[in-house]
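Letters A, B, ... are given to chains in the order of the sequence lines, protein chains preceding strands, and every chain is numbered from 1. This structure is a prediction, so every number in the text was calculated from the model and none was measured. Heavy atoms only: backbone and side chains are in, while hydrogens, waters and symmetry mates are out.
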Amino acid sequence: MQYWLIKSEPNVYSWEMLVQEGSTCWSGVRNYQARNNLRLMRSGDLALHYHSNIGKEIVGIAEVVREAYPDPTAEGDPNWVCVDVAPKQAFVRPVRLEDIKAEPRLQKMELIRQSRLSVVSVREDEFNLLCAMGEMA
DNA sequence: GCCAACGTTGGC
DNA sequence: GCCAACGTTGGC
């Protein structure tokens, strides 16, 4: 089982919309490194859902329910893929970027090191700590 | 609104 | 293959 963090701007696609829809295709990724991460996702993997720009916080956990397939928004361009995700559990208390930056044990997160990448992997210890910070554990 | 950090594009 | 110019993301 692998852990991930996926970003969306909440005014484009928010956690609330994901909860409302039940599941969605995580489409629109147009960066090769992020695409490679999408391809590595397996059904059952868990992904922290992060709101970029507005909020700047992790708001919940989504589960991968369908592995990589051609991105329907890519207009036939075979380079780009998406996965399907479903909401698994909401954070009681969203974990802000500010909180992550203030936590010494999270300084090595890819989220911090490569802030522009929209799909990044998360280590298990980081994932567990973030869940505890979100009051999930 | 600005800027840092990347990515991409295209001329050479 | 290099690099300048430009575009994008996302934090501040």
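- At least one side-chain nitrogen or oxygen of A:K7 sits closer than 4.0 Å to the OP1 or OP2 atom of C:dG10.
- With a 4.5 Å cut-off on side-chain heavy atoms, A:D45 and A:W4 count as touching.
- For the pair A:D71 (side chain) and A:G28 (backbone), a donor-acceptor distance under 3.5 Å is present.
- Nucleotide B:dG7 holds its P atom 12 Å from the CG atom of A:N36, rounded to whole Å.
- To the nearest angstrom, C1' of C:dT8 lies 15 Å from CD of A:Q33.
- Between A:Y32 atom OH and C:dT8 atom P there is a gap of 16 Å when expressed in whole angstrom units.
- In this structure, CG of A:L111 is placed 17 Å from P of C:dT9, rounded to the nearest angstrom.
- Residue A:E9 contributes atom CD, which lies 9 Å from atom P of C:dG11 at whole-angstrom precision.
- In this model, the phosphate group of C:dG11 is approached by a side-chain N or O of A:Y50 to a distance below 4.0 Å at OP1 or OP2.
- For A:Q114, no side-chain nitrogen or oxygen approaches OP1 or OP2 of B:dA5 to under 4.0 Å.
- Relative to the ring axis of A:Y69, A:R66 places its NZ or CZ within 45° and under 6.0 Å from the centre.
- Using modelled atom types, one side-chain atom of A:S8 and one backbone atom of A:Y13 make a donor-acceptor pair closer than 3.5 Å.
- For A:R116, the listed nucleotide lying nearest its side chain is B:dA5; candidates were C:dG10, B:dA5, C:dC12.
- Whole-Å rounding puts the A:N11 CG to C:dT9 P distance at 12 Å.
- Atom CG of A:N53 and atom P of B:dC3 are 18 Å apart (whole Å).
- Counting to the nearest Å, the P atom of B:dA4 and the CZ atom of A:R113 are 21 Å from each other.
- In this structure, of C:dG11, C:dG10, B:dA5, it is C:dG11 that holds the atom nearest to the side chain of A:K56.
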